[in-house]
Amino acid sequence: MTHRTTEAYVAAVLDVVEQVPRGRVTTYGAIAEAVGGGPRQVGNVLARHGGPVPWWRVVRADGSLPPSHLEEAQQRYLEEGTPRRAPGRLDMPAAYWDPVTRT
DNA sequence: TAGATGACTCCGG
DNA sequence: ACCGGAGCCATCT
């Protein structure tokens, strides 16, 4: 366990992800702005400890999906009715949820 | 200690 | 709209 990413930081990131409403999404960058650090670190935290949280509600800034677990994520979007412009591409203006303003 | 790597973003062509 | 390069933060080898 050679990780300097503190448990507190991990917990903060996971907490934000859990707060994303059903049918909405947020971005790595937005979470980074909310809890600190950088987008890549957030991605790393989700990759390592994102199992128990709705990680599919976290996407890239341009609305494209992470190159991982695409099938399951898309299935979730269909179930939750997440606004999408194309298969594998979301309607960000409509689906985006900001972790800071919580809107 | 230095260099490479990654579930990222931004900017230019 | 698609592709490539530079910047960033922490981890890994």
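Below, chains carry the letters A, B, ... as their sequence lines are ordered, and counting in each starts from 1.
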*Which nucleotide in dC2(C), dC10(B), dG6(B) has an atom nearest any side-chain atom of Arg89(A)*: dC2(C)
*Within the side chain of Arg24(A), is there an N or O that forms a donor-acceptor pair under 3.5 Å with the backbone of Tyr96(A)?*
yes
*CD on Glu33(A) to OG1 on Thr27(A), rounded to 0.5 Å*: 8.5 Å
*dA7(B) P sits how many Å from Gln74(A) CD, rounded?*
18 Å
*Supply the atom-to-atom distance Leu90(A) CG to Gln74(A) CD, rounded to the nearest 0.5 angstrom.*
9.0 Å
*How far apart are the closest heavy atoms of Ala95(A) and Pro83(A), and which atoms are they?*
CB-CD, 3.9 Å
*Grab the CD-P distance between Glu72(A) and dA7(B) for me, whole Å please.*
17 Å
*May I have the distance from Asp62(A) (atom CG) to dG12(B) (atom P), rounded to whole angstrom?*
17 Å
_Would the distance check show the side chain of Tyr9(A) and the main-chain N or O of Val35(A) forming a donor-acceptor pair, the cut-off being under 3.5 Å?_
no
*asked:* Tell me the interatomic distance from Tyr96(A), atom OH, to dT9(B), atom C1', rounded to whole angstroms.
replied: 13 Å
*Which dot-bracket string fits DNA chain B when only Watson-Crick or G-U wobble pairs with both atom distances under 3.5 Å count, crossing pairs get [ ], and | stands for a partner on a different strand?*
.|||||.||||||
*asked:* At 4.0 Å (heavy atoms only), tell me whether Ala47(A) reaches a base, stays on the sugar-phosphate, or touches nothing.
replied: base
*Take the protein atom CZ of Arg76(A) and the nucleotide atom P of dA7(B), then report the distance between them rounded to whole Å.*
20 Å
*Determine the minimum heavy-atom distance between Tyr77(A) and Val59(A), stating which atoms define it.*
OH-CG1, 3.3 Å
_Nucleic acid contacts of residues 27-43 of chain A, taken as heavy-atom distances under 4.0 Å to DNA chain C_ = Gly38(A), Arg40(A), Gln41(A)
*asked:* Taking atom CD as the centre, does Glu79(A) end up with more than 12 heavy-atom neighbours from other residues, nucleotides or ligands that are less than 6.0 angstrom away?
replied: yes
*For Glu7(A) and dT11(C), what is the distance between atoms CD and P respectively, to the nearest whole Å?*
11 Å
_Nearest 0.5 Å, please: how far is CG in Asp62(A) from CE in Met92(A)?_
8.0 Å
*asked:* If I take atom CH2 in residue Trp56(A) and atom P in nucleotide dA7(B), what distance separates them, rounded to the nearest angstrom?
replied: 19 Å
*asked:* Within this structure, what is the CZ-CG distance for the pair Arg84(A) and Asp91(A), rounded to the nearest 0.5 Å?
replied: 11.0 Å
_In whole Å, I'd like the distance from the CZ atom of Arg60(A) to the P atom of dC8(B)._
5 Å
